[in-house]
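Everything numeric in this text was worked out from a predicted model, so none of it was measured. The figures that follow rest on heavy atoms only: side chains count, while hydrogens, waters and symmetry mates do not. In listed order, ligands and their atoms are each counted from 1.
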Amino acid sequence: MSKKIKVWGRFSSSNVKKVMWLAEELKLEVERIDAGRQYGVVDTPAYKALNPNSRVPTIEDGDFVLWESNSIMRYFCMKYGGEAFYPVDPATRADIDRWLDWSLSILVPVESPLFLGTMRTPPEKQDKATIAAGTQKLGEIYAILDRRLEGRDYLVKNFSIADLGLSIFADRWLRNPFLAGRPLSARLSAWIARISPRPGFQKFVGGPLE
Ligand SMILES: N[C@@H](CCC(=O)N[C@@H](CS)C(=O)NCC(=O)O)C(=O)O
């Protein structure tokens with residue numbers, strides 16, 4: 001008897017989107033429960049018992065509880081037949097892991113404050129100097145991704161969880177209306193155009209930025 005996997009986390013979270021989109025790719029039955037930001041929940045003792053970080057997403061697959069969106073993606077692939085998105089060949093897998101780790105160590109620390117300071121801050125309260133500096137820095141970081149995509153359709157061989165995870169951030173970089181003067185890379189746009197027809201992208205990523 002298959003039981004639905006519970007995914008805790010609000011729809012608007014980039015990290016929840018990774019999990020929901022991959023579940024869609026793998027045709028998993030999931031039940032998403034709103035939590036985080038305007039929904040609260042994450043600071044309750046019950047949620048903290050699942051995820052002491054008070055962050056989303058968290059999944060419950062039967063008795064197994066897991067947080068960290070990239071780890072959840074790896075787990076789904078390993079457990080539910082997602083080898084195509086996370087091949088077992090060591091070099092291919094390590095390359096995918098490298099880009100997912102890079103997103104946490106290099107990209108997100110710059111991307112997240114910039115996104116919160118623009119899309120989630122009323123225009124009259126936005127700090128223009130901080131936004132300009134962040135835009136410059138993030139442009140340099142996306143140039144690394146841009147160079148990686150030279151001569152490639154996807155980050156590592158075929159479409160993988162590296163493309164899935166990173167395209168969510170790159171899409172909102174390209175579409176954020178508050179980042180004046182950022183370099184709009186044709187290669188990044190072409191990569192997103194290759195990925196965006198996927199139904200999971202359409203359903204969870206392609207809507208209005210919020
Ligand atoms: N590295 C973690 C980051 C989790 C994280 O920071 N999630 C954000 C949403 S994207 C969050 O929970 N923010 C607080 C909130 O929504 O209340 C992951 O990838 O799962």
Side-chain angles (χ1 to χ4, degrees), residues 5-26 28 30-61 64-80 82 85-86 93 96-122 125 134 138 141-142 145 155 160-176 178-179 195 200-201 203-210:
I5 299 165
K6 280 190 193 165
V7 178
W8 293 87
R10 58 189 163 81
F11 182 87
S12 60
S13 150
S14 51
N15 293 309
V16 172
K17 287 175 189 290
K18 292 180 197 170
V19 172
M20 294 304 291
W21 174 3
L22 182 60
E24 173 94 6
E25 296 275 358
L26 297 174
L28 303 182
V30 298
E31 174 196 358
R32 191 182 58 76
I33 305 146
D34 278 324
R37 215 171 147 222
Q38 70 269 39
Y39 300 100
V41 180
V42 293
D43 288 318
T44 61
Y47 188 84
K48 276 177 168 286
L50 298 175
N51 184 344
N53 306 295
S54 294
R55 299 287 182 100
V56 293
T58 301
I59 64 154
E60 288 181 84
D61 187 6
F64 182 55
V65 177
L66 189 64
W67 37 265
E68 281 298 332
S69 58
N70 293 345
S71 300
I72 296 168
M73 289 202 293
R74 294 176 179 113
Y75 169 73
F76 276 0
C77 287
M78 292 188 286
K79 173 130 195 211
Y80 294 110
F85 305 127
Y86 192 45
R93 183 163 284 195
I96 291 168
D97 282 340
R98 175 254 297 274
W99 287 106
L100 290 173
D101 290 348
W102 177 84
S103 73
L104 290 183
S105 63
I106 303 290
L107 179 72
V108 170
V110 178
E111 198 275 347
S112 179
L114 188 60
F115 186 78
L116 297 180
T118 52
M119 289 305 299
R120 301 225 177 115
T121 303
K125 292 202 175 142
L138 194 55
I141 291 169
Y142 276 119
L145 210 58
L155 287 170
S160 74
I161 53 174
D163 300 286
L164 190 159
L166 273 72
S167 66
I168 295 172
F169 296 114
D171 171 66
R172 68 186 199 180
W173 159 251
L174 295 173
R175 288 204 284 145
N176 188 329
F178 297 108
L179 307 181
I195 294 170
F201 183 102
K203 197 160 161 186
F204 299 106
V205 186
L209 281 190
E210 51 169 327

Q: Mind checking whether Y47 and W8 have parallel, tilted or perpendicular rings, split at 30° and 60°?
A: perpendicular
Q: Under a 3.5 Å threshold, I'd like every N/O contact between ligand 1 and protein atoms, with atom names and distance.
A:
from     : atom 1 : to  : atom 2 : distance (Å)
ligand 1 : 1 (N)  : E68 : OE1    : 2.8
ligand 1 : 1 (N)  : E68 : OE2    : 3.4
ligand 1 : 6 (O)  : R55 : NH1    : 2.6
ligand 1 : 7 (N)  : V56 : O      : 2.8
ligand 1 : 12 (O) : V56 : N      : 2.8
ligand 1 : 16 (O) : R10 : NE     : 2.9
ligand 1 : 16 (O) : R10 : NH2    : 2.9
ligand 1 : 16 (O) : R37 : N      : 3.3
ligand 1 : 17 (O) : R37 : N      : 2.7
ligand 1 : 19 (O) : N15 : OD1    : 3.4
ligand 1 : 19 (O) : S69 : N      : 3.4
ligand 1 : 19 (O) : S69 : OG     : 2.6
ligand 1 : 20 (O) : S69 : N      : 2.9

Q: At their closest point, which heavy atom of N51 faces which heavy atom of P57, and how far apart are they?
A: ND2-O, 4.0 Å
Q: Can you label the angle between the Y80 ring and the Y75 ring as parallel, tilted or perpendicular, going by 30° and 60°?
A: perpendicular
Q: Just jot down the side-chain contact (heavy atoms from CB on, under 4.5 Å) partners of S13, sequence neighbours excluded, or say none.
A: R10, N15, V16, V56
Q: Check the surroundings of atom NZ in K48: do more than 12 heavy atoms from other residues, nucleotides or ligands lie under 6.0 Å from it?
A: yes
Q: Could you report the tightest heavy-atom contact between L100 and I161, atom names first, then the distance?
A: CD2-O, 3.6 Å
